[in-house]
Protein chains: 2
Amino acid sequence: MADTGSGSQSGSGSINCFTCQVRDRTEWCVLSDAEIELLNKGRITKEYLPGEVIFHEGDPCRGVFCMETGMVGVRKTDADGNSVLLYLVTPGDTLGYRALLAGEDYQASAEALEPTRICVIDSPTVRSLLEHNPALGLRYLKRVSRSLGSAEEKILHNATLSVRARFAHLLMVLLDKYGHKNSEGPTEFELPLSRHDLAAMIGTTPESMSRTIKKMESDGVAKFAGRTVHIPVLESLIMEFEPETFL
Amino acid sequence: MADTGSGSQSGSGSINCFTCQVRDRTEWCVLSDAEIELLNKGRITKEYLPGEVIFHEGDPCRGVFCMETGMVGVRKTDADGNSVLLYLVTPGDTLGYRALLAGEDYQASAEALEPTRICVIDSPTVRSLLEHNPALGLRYLKRVSRSLGSAEEKILHNATLSVRARFAHLLMVLLDKYGHKNSEGPTEFELPLSRHDLAAMIGTTPESMSRTIKKMESDGVAKFAGRTVHIPVLESLIMEFEPETFL
DNA sequence: TGTTGCGATTGACCAGCGTCAATTCATTTA
DNA sequence: TAAATGAATTGACGCTGGTCAATCGCAACA
């Protein structure tokens, strides 16, 4: 087990790209059978336990990662040890494509937040596919461009919104992604993150996170019990970061 | 002159993609002569005066813009009127590709900061080129991915660095791009931006910008006279945002 | 030359939030 | 059951930087 130093290769040989459950939700859905054959040959499945690192900032990029199960956090850290949690990556998502496509080393690190199974497709395979199938390139272009759009939105948010407003916004995003949002009415769901990581997602400290949570509770906007969040009225949460919607 | 409502079509008919001075520095350098012919047909040249808007946040994307001369600022504004200056776009750069590639409307607005000449290539032409030439797609993938990398770095910077450190960093970036950096020693160059826009680039207010400039002067890190900046020792500027480099 | 207008600067004020330190709570281990 | 470890919370404090308002400098123009 050389390689990254962590992440164990899956013993189960039955897994492959043809039977893959999430393939239709990935970029690879535009590939022909012959191309999937190629993809399958350049593939290794790996498994990670929570806390294990998938790649480090500064590592050379060796391929892209295809999430099958679990959850991964992408973190960026500066020289002083301050860090920000940029993305949460979930099944059907692709991971690590930015470095490959930019022709750079990784500029962020990825770490399993839950038990995770991922397929690694090596760079030459991805490159070869991209060079011969323009549709795949267009798929990736869409993905990267959308990602850039979110990043730019985040820059604006961080510059203009308060910690509280950013947290309210984060709650909405997490609710959309991980909660069963039954349209209107009271909502309850499980946060997939620790307080520390919630803080890192909005660029603040755990202390400020705690205080913000407390204040939102006393204002009746949301109730927190461990990782369970209860939101009585969705509108009052939205009002926290988009007050103009209700004018 | 319907269209965007601003920007006048260039009268000079002699300009085209074959004679274009900046083409080799753009994504289009990978195109064949036949493809450049196509590009040239889908092209209109426009000129803008400082302050004129090239596209607005929310506008549908009608093509990509190819900078020939001048300078453009890409700005993102929220509902309260707070705004951030995300990029400066200069000759040889492409503008507005994000929305096209993501299949979205513009999420930011672009405005000429200097007298500017731009070629507009309409969406169908770009799409068609991308669908048939994978190399072009790879070029754009590299560009968007690098852009995403910078955006992510900016998120980290804004979250962890002080206004002063961010400004020092901005000065370095502007120096690299717009100044003649004669390796070491004292350096002098012209800022391409007003104080207001300098502030918008690092996500702060003009007032804080002023105070930061004043404090940096009294600390001897840089001297400011209007838009002229004089930096006695480059290292002391770098020390402002990367102190660990000198430990 | 006076006036208007705009960008830049300065001052005064203070709220938000980061920092440091102590405490509580939950979970694991001996 | 006690001890130990790490996450989460709470308190106290102070600085950074945002806000509001006044002033200044400079250019355009009547």
Side-chain angles (χ1 to χ4, degrees), chain A residues 49-51 73 77-78 80-85 111 113-114 156-170 190-219 222-229 240-241, chain B residues 49-51 73 75 78 80-85 111 113-114 156-170 190-219 222-229 240-241:
Chain A
L49 293 174
T77 307
D78 71 9
D80 299 338
N82 303 102
S83 78
V84 171
L85 193 50
E111 153 198 342
L113 300 177
E114 294 173 6
L156 181 65
H157 275 174
N158 289 345
T160 60
L161 298 182
S162 65
V163 165
R164 173 159 171 161
R166 278 181 274 154
F167 180 52
H169 183 252
L170 174 62
E190 288 287 308
L191 292 172
L193 295 172
S194 69
R195 302 292 143 113
H196 183 86
D197 285 340
L198 287 174
M201 284 230 73
I202 59 171
T204 186
T205 59
E207 294 95 323
S208 292
M209 189 75 268
S210 251
R211 286 185 243 276
T212 303
I213 285 175
K214 204 183 183 186
K215 212 179 281 178
M216 285 182 73
E217 280 206 317
S218 70
D219 292 348
K223 281 191 101 155
F224 299 83
R227 290 192 173 192
T228 306
V229 195
E240 293 280 333
F241 58 93
Chain B
L49 293 173
R75 212 180 289 271
D78 71 10
D80 299 338
N82 303 104
S83 78
V84 171
L85 194 51
E111 152 199 343
L113 300 176
E114 294 174 5
L156 181 65
H157 275 174
N158 289 344
T160 60
L161 298 182
S162 66
V163 166
R164 173 161 173 161
R166 278 180 274 156
F167 180 52
H169 183 253
L170 174 63
E190 289 287 308
L191 292 173
L193 294 173
S194 69
R195 302 293 144 113
H196 182 87
D197 284 341
L198 287 175
M201 284 229 72
I202 59 171
T204 186
T205 60
E207 293 97 324
S208 291
M209 190 76 267
S210 253
R211 285 185 244 275
T212 303
I213 285 175
K214 204 183 184 186
K215 210 177 284 177
M216 284 181 73
E217 279 206 317
S218 71
D219 292 347
K223 282 190 102 156
F224 299 84
R227 291 192 172 192
T228 306
V229 195
E240 294 279 334
F241 57 93

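For the numbers below, each heavy atom of this structure counts, side chains included, while hydrogens, waters and symmetry mates do not. Every chain is numbered from 1, with letters handed out A, B, ... down the list of sequences.
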**OP:** Mind checking ring pair (Phe, Tyr, Trp, His ring centres under 6.0 Å) for H157(A) and listing every partner two or more places apart, or none if nothing turns up?
**Re:** H169(A)
Which atom pairs link the protein and nucleotides 8-11 of chain D when you take only N or O atoms and keep those under 3.5 Å?
residue	atom	partner	partner atom	Å
dA8(D)	OP1	R195(A)	N	3.4
dT9(D)	OP1	R195(A)	NH1	2.9
dT9(D)	OP2	S210(A)	OG	2.6
dT9(D)	O5'	S210(A)	OG	3.1
dG11(D)	N7	R211(A)	NH1	3.0
dG11(D)	O6	R211(A)	NH2	3.1

Original post:
Rounded to the nearest 0.5 Å, how far does CG of L161(B) lie from CZ of F167(B)?
Top reply: 14.0 Å
**OP:** Calculate, to the nearest 0.5 Å, the distance between atoms CG and OG1 belonging to L85(A) and T77(A) respectively.
**Re:** 9.5 Å
Subject >> Between C1' of dG18(C) and CZ of F167(A), the distance in whole Å >> reply: 18 Å
**OP:** Quickly work out the D80(B) CG to dG18(D) C1' distance and round it to whole Å.
**Re:** 14 Å
Original post:
Do side-chain atoms of D80(B) reach the backbone of N82(B) as a donor and acceptor pair under 3.5 angstrom?
Top reply: no
Original post:
When all nucleic acid strands are considered with a 4.0 Å heavy-atom cut-off, which category describes S162(A): base, sugar-phosphate, or nothing?
Top reply: sugar-phosphate
Original post:
Has the side chain of S210(B) got a donor or acceptor atom that lies under 3.5 Å from a matching backbone atom of E207(B)?
Top reply: no
**OP:** In whole angstrom, give the distance that lies between atom CD1 of I202(A) and atom C1' of dC17(C).
**Re:** 11 Å
Original post:
Taking CG from L161(A) and P from dG16(C), how many angstroms apart are they, rounded to a whole number?
Top reply: 14 Å
Subject >> Side-chain heavy atoms of T212(A) within contact of T204(A), under 4.5 Å >> reply: no
**OP:** Ignoring backbone atoms, test whether T204(B) places a side-chain nitrogen or oxygen under 4.0 Å from the OP1 or OP2 oxygen of dG17(D).
**Re:** no
Subject >> L198(A) CG to dA7(D) C1', straight-line distance once rounded to whole Å >> reply: 13 Å
**OP:** Would you kindly give the CG-to-P distance between N82(A) and dG18(C), to the nearest whole Å?
**Re:** 11 Å
**OP:** Whole angstrom is fine here: how far is it from CE in M216(A) over to P in dC17(C)?
**Re:** 13 Å
